[in-house]
Amino acid sequence: MAASAVDSEITKSDKYSILLPTYNERENLPIIIWLIIKYLDGSGIDFEVIIIDDGSPDGTLDIAKQLQDIYGSKKIVLRPREKKLGLGTAYIHGIKHATGNFIIIMDADLSHHPKFIPQFIELQKENDYDIVTGTRYINGGGVYGWDFKRKLISRGANFLTQMLLRPGVSDLTGSFRLYKKDVLQKLVESCVSKGYVFQMEMIIRARQLNYSIGEVPITFVDRVYGESKLGGTEIVQFVKALLYLFATT
């Protein structure tokens with residue numbers, strides 16, 4: 001069999017499960033789902049979107065049910081929970097229901113554009129990376145819609161992390177990533193952090209376990225609808241977790 005035919009068969013056998021944890025995202029959810037369908041259907045990628053709503057009081061789950069009616073239950077999978085239980089447990093919950101051999105994690109608030117997903121997939125296939133992560137901090141990447149204070153917090157957090165932990169990845173606090181399913185499962189189980197710092201620990205643990213990581217430059221756009229979930233509590237958690245990882249890794 002010709003090599004190109006083999007490559008084609010491998011590509012067709014791959015499936016991508018996109019995990020979308022949601023909390024109060026009723027305005028954003030229809031747009032992000034439409035964009036995912038547009039960019040992935042057009043690329044011939046086999047995928048499913050698993051929406052993990054944590055008891056949103058704004059009716060996000062009702063919107064998700066309407067989207068499932070439009071696009072079908074094979075494409076839109078609903079796995080809600082009764083209340084907000086944290087990002088790490090949302091991923092564990094999503095992995096249990098994922099039928100793909102690759103997992104994509106991204107935010108539902110339109111800060112991560114689905115147009116980058118085919119680039120993630122292409123880079124992963126070229127190098128057989130265990131993880132591909134989006135980065136705002138290399139050529140081609142950037143941030144739009146943030147004020148100076150928010151940019152300063154992000155840059156400062158990234159600088160401190162690079163200096164103390166030396167992770168070998170340019171954007172440690174990003175949350176737009178592609179994982180081999182078994183890799184994500186092992187990383188989630190090995191992490192102890194919650195909330196904002198969870199993504200940072202995932203990369204540090206990945207380096208400890210010698211997983212290979214590729215980077216794709218992305219443009220990050222601040223949410224259009226709803227309120228940012230980053231506040232003073234998350235910043236304090238970040239500093240504590242950074243010092244913990246510095247002391248233990």
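Here the structure is a predicted model, which is why all the values come from computation and not from measurement.
- Side-chain contact check for E25 versus I32: every heavy-atom pair is 4.5 Å or farther apart.
- The two residues Q119 and K115 have their closest heavy-atom pair at NE2-O, 4.2 Å.
- Side-chain contact of S17 with K181: a donor-acceptor pair under 3.5 Å is absent, judged by distance alone.
- Y39 is not listed as a side-chain neighbour of I45, based on a closest heavy-atom distance of 4.5 Å or more.
- Environment of CD in E82: sparse, with no more than 12 heavy atoms of neighbouring residues, nucleotides or ligands closer than 6.0 Å.
- By the 4.5 Å heavy-atom criterion applied to side chains, V221 and H113 are not counted as neighbours.
- Atom CD1 in I36 sits 12.0 Å away from atom CD1 in I31 (nearest 0.5 Å).
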Pair Q199-T133, side chain to side chain contact (heavy atoms under 4.5 Å, CB included): steps then yes or no: CA-CA 11 Å; Q199 305 292 0; T133 183; over 6 Å; no
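- From S43, atom OG reaches atom OH of Y16 across 11.0 Å, with rounding to the nearest 0.5 Å.
- Taking both residues in full, the closest heavy atoms of P114 and L40 are given as O-CD1, 4.2 Å, listed atom of the first, atom of the second, then distance.
- Heavy atoms only, all atoms of each residue included: G141 and P217 are closest at N-CB, 3.6 Å.
- In this structure, the side chain of R79 does not engage the main chain of K96 through any donor-acceptor pair within 3.5 Å.
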Residues F47, I104; criterion side chain to side chain contact (heavy atoms under 4.5 Å, CB included); working and verdict: CA-CA 10 Å; F47 71 97; I104 293 167; over 6 Å; no
Side chain to side chain contact (heavy atoms under 4.5 Å, CB included) between I131 and L187, intermediate numbers included: CA-CA 11 Å; I131 304 165; L187 286 173; 3.8 Å; yes
From CA spacing to verdict: side chain to side chain contact (heavy atoms under 4.5 Å, CB included), I76, K65: CA-CA 9 Å; I76 309 297; K65 288 174 181 175; over 6 Å; no
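- Contact annotation: the side chain of L29 approaches that of I51 to within less than 4.5 Å [non-hydrogen atoms, C-beta and beyond].
- At distances below 3.5 Å, at least one donor-acceptor pair connects side-chain atoms of E48 with backbone N or O atoms of T99.
- In plain terms, the two heavy atoms of A108 and T22 that are nearest each other are CB-CG2, 3.7 Å.
- From I33, atom CD1 reaches atom CD1 of I63 across 12.0 Å, with rounding to the nearest 0.5 Å.
- In this structure Y71 satisfies the ring-ring contact (aromatic ring centres under 6.0 Å, His included) test with no other residue, sequence neighbours excluded.
- Salt-bridge formation is not detected for the pair K180/D14: no Lys NZ or Arg NE/NH1/NH2 atom is positioned less than 4.0 Å from an Asp or Glu carboxylate oxygen.
- Aromatic pair Y179/Y211: centroids not less than 6.0 angstrom apart.
- I50 pairs with exactly one of I103, V77, L20 by the side chain to side chain contact (heavy atoms under 4.5 Å, CB included) rule, that one being V77.
- Side-chain atoms of T60 do not come within 3.5 Å of backbone N or O of S56 as any donor-acceptor pair.
- Ring geometry for F120 versus F176: interplanar angle of 30 to 60°, hence tilted.
- Residue I52 holds its CD1 atom at 10.5 Å from CG of L78, rounded to the nearest 0.5 Å.
- Across all non-hydrogen atoms, the minimal contact from N28 to L110 is OD1-CD1, 3.5 Å.
- Checked by atom type and distance alone, the side chain of R26 pairs as donor or acceptor with a backbone atom of D58 at under 3.5 Å.
- Inspection of the D107 and S175 side chains reveals an N or O donor paired with an N or O acceptor under 3.5 Å.
- No hydrogens or angles considered: a donor-acceptor pair under 3.5 Å links the side chains of T135 and S170.
- Under the 4.5 Å side-chain contact rule for hydrophobic residues, F220 and I138 do not share a cluster.
- A heavy-atom distance below 4.5 Å is not found between the side chains of L19 and H93.
- Judged by distance alone, the side chain of R81 and the main-chain N or O of T89 form a donor-acceptor pair under 3.5 Å.
- Taken to the nearest 0.5 Å, the OH atom of Y137 stands 10.5 Å off from the CG atom of L172.
- Atom CD1 of residue I92 and atom CG of residue L87 lie 10.5 Å apart, to the nearest 0.5 angstrom.
- E215 approaches D171 most closely through the heavy-atom pair OE2-N, 3.7 Å.
- Counting non-hydrogen atoms of neighbouring residues, nucleotides and ligands closer than 6.0 angstrom, the NZ atom of K186 reaches no more than 12 such neighbours.
- Residue-environment remark: CG (D69) exceeds the threshold of 12 foreign heavy atoms within 6.0 Å.
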